[in-house]
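What follows is one structure encoded as structure tokens, with my remarks underneath.
Atom set for the values below is all heavy atoms of this structure, side chains included, hydrogens, waters and symmetry mates excluded. When a ligand or atom number is given, it counts from 1 through the structure's own listing order.
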Amino acid sequence: MWDEILASIGPEPAQISLEEYRARQNRLLNQLRPDDLLIIPNPAHSTRSNDVEYPYRTSSDMIYLCGWTDLDSTMVAQQVNGAWEVTLFVQPKDVLSEIWEGRRLGKEGALENFAIDRAESKDDLEIVLIDMINSSKRILVKSAVDTTIDEIVNNCITAQSRDRQKLGIGPISVEDPSGRISELRLRKSAAEIDLMRYSAVVASHAHIEAMKNTKPGVGEWQLEGIIEGFFKYGKTSGIAYPCIIGSGDNATILHYTVNDDICEDGEILLIDAGCEYKGYASDITRSWPVNGKFSTSQAEIYQIVLDSQLAAIDACRIGNPYDLPHEIARGVLAQGLIDLGVISQNLEEALDPTDGELRFWYMHNTGHWIGLDVHDVGVYRPDNEPRLLEEGMVLTVEPGLYFGAWRPDVNCPEKYANIGIRIEDDILVTKDGPDVLSKNCPKTIEELEGIIGE
Ligand code: GLY
Ligand code: MN
Ligand code: MN
């Protein structure tokens, strides 16, 4: 049904190569000391109700370092005879479990297909890991991901073993490696960018399908169904976060996910939806009139947000502070509202974080890192200075204006009552300037009016 669209997108990109996983591991392991032990735990499955579990999503660090996505697994790296050895603990082959729960690669499959040196059964985790911990000085592990691992590490650290007393050996400290891994994940490789671009292209077409099916009387949930259906049809793993499908005053609720309202004639519809492909997220927002034609008031607000977004995207350049797009977007939004008479202050006053009137109508940041997590890892202000953008970083640019007439805290201008506009794209920083990964998703007033209800 959507085959033609998918054909126009082209083939799925190449997967991350074993060499690239090795290179990622080495970039991390080369920062460590010979007697360190690195442990990458995975979260446990969580139960939804009796015998029913939530879909499993492994830890992003695990995906990043070896691409393994099954549950009940742990990655460990330790030096053996002067060289790092990467071990993956996995579910062992087991016919009965596989009949009920699905196929397992087992130890052999893991060793054959993944960038690891050794595979062990998760059933042997405790006994093998205790040995590894006791022959290390520092343990690098993120706590509170897998309580079993936390317990094993804590017991080893606190154990007053004979060896520790006699020979002074055993682990003495625990450190969280997340900061080091985040620094690596912040800069995307060419292969990662291909996956992110695919994720963004599929999400763009999902938005277009929702635009085509928008008309007065359609249910928010029906558009959600089209979007999520397209994500699956496009062979992604589905949503990267719950879809926000807000019509009318729902468009002024930033994280509205109820999606159970009817889209009415004359309303604006705001859709914030992105998919996850091979672990990589896209995050796109578009806002358009339900009846296919922007009213004068809607167009006025829409154009200000679009102008602010385009100006902010243009600031996504190597060497610029990460928050420059935010400052630029705020400036354009505030000036636009001053020109419309919504804000009575001057520009400087309007932008004041405590007293400026812009804060009534624009209350969030203009973007965030995006990658394996939709709100991806990476410190924004290392040493409390704004991070400067580098080639390969990917961030969203998503300014908005929200006139919730239902809000008791503000006097919403009647002319703009219940107009909520956000426009969000995913931007790759390149040597040649900003590259909009989600550029297939239309956003000018003319483009949108030409598609809605088609
Ligand atoms: N979809 C969540 C966000 O835009 O940050
Ligand atoms: Mn976002
Ligand atoms: Mn979003």
Side-chain angles (χ1 to χ4, degrees), residues 57 60 185-186 188 196-197 199-211 220 223-224 227-228 230-231 236-247 250-259 268-277 279-288 302 305-306 308-310 312-313 315-316 322-326 328-330 333 361-378 380 387 389 393-402 420-429 434-443 448:
R57 169 52 155 82
S60 295
R185 282 176 49 189
L186 187 51
K188 274 70 177 174
M196 291 195 69
R197 199 183 296 282
S199 178
V201 172
V202 170
S204 299
H205 281 282
H207 276 258
I208 294 171
E209 291 310 291
M211 288 167 190
E220 294 169 348
L223 299 175
E224 184 177 28
I227 286 184
E228 293 202 11
F230 192 87
F231 287 169
T236 73
S237 50
I239 54 170
Y241 54 91
C243 294
I244 296 168
I245 320 264
S247 58
N250 301 329
T252 68
I253 297 171
L254 302 180
H255 288 166
Y256 171 82
T257 52
V258 187
N259 306 343
I268 284 285
L269 169 68
L270 182 156
I271 295 193
D272 183 343
C275 55
E276 185 179 281
Y277 179 69
Y280 288 86
S282 46
D283 183 6
I284 300 177
T285 308
R286 291 292 184 266
S287 315
W288 61 85
Y302 189 89
V305 176
L306 182 57
S308 78
Q309 202 228 14
L310 294 173
I313 289 174
C316 296
Y322 84 94
D323 53 355
L324 185 62
H326 181 53
I328 287 177
R330 292 180 79 241
L333 294 174
W361 317 114
Y362 184 44
M363 56 298 270
H364 58 78
N365 272 320
T366 302
H368 49 83
W369 309 128
I370 179 166
L372 284 167
D373 293 313
V374 64
H375 286 192
D376 207 23
V377 293
Y380 288 98
R387 165 97 59 185
L389 296 177
M393 292 181 177
V394 186
L395 66 163
T396 66
V397 172
E398 50 179 302
L401 288 172
Y402 311 91
I421 306 282
R422 178 162 66 254
I423 309 174
E424 174 173 31
D425 282 299
D426 305 340
I427 317 297
L428 166 69
V429 179
D435 179 358
V436 182
L437 299 180
S438 42
K439 57 175 150 265
N440 299 66
C441 198
K443 63 181 170 183
L448 293 172

_Would Ile244 and Ile253 count as a side-chain contact (heavy atoms from CB on, under 4.5 Å) here? Give the steps._
CA-CA 9 Å; Ile244 296 168; Ile253 297 171; over 6 Å; no

_Under 4.0 Å from ligand 1 - residues by heavy atom, chain and number_ = Tyr241, Asp272, Asp283, His368, His375, Glu398, Glu424

*Give a yes-or-no answer on whether the side chains of Asp426 and Ser438 include a donor-acceptor pair shorter than 3.5 Å.*
no

*Can you tell if the side chain of Leu254 reaches within under 4.5 Å of the side chain of Arg422, non-hydrogen atoms only?*
yes

*Is there an N/O/S atom in His375 at a distance below 2.8 Å from the Mn ion (ligand 2)?*
no

*Nearest to the Mn ion (ligand 2), which N, O or S atom of His368 do we find?*
NE2

*Non-hydrogen atoms of Arg57 and Gly279 that approach each other most closely*: NH2-O, 3.4 Å

*asked:* Strictly under 2.8 Å of the Mn ion (ligand 3): which protein N/O/S atoms qualify?
replied: Asp272 OD1, Asp272 OD2, Asp283 OD1, Glu424 OE1

*Report yes if the distance between the aromatic ring centroids of Tyr241 and His255 is under 6.0 Å, otherwise no.*
no

*asked:* Using 0.5 Å steps for rounding, measure from the CD1 atom of Ile421 to the CG atom of Leu333.
replied: 11.5 Å

*Quick one: sort the Trp369 and Tyr380 rings into parallel, tilted or perpendicular, breaks at 30° and 60°.*
parallel

_Between Thr396 and Asp283: side-chain donor-acceptor atoms closer than 3.5 Å_ = no

*Heavy-atom closest contact (Val305 atom, Pro399 atom, distance)*: CG1-O, 3.5 Å

*About how many Å separate CG of Leu428 and CE of Met393, when rounded to the nearest 0.5 Å?*
11.5 Å

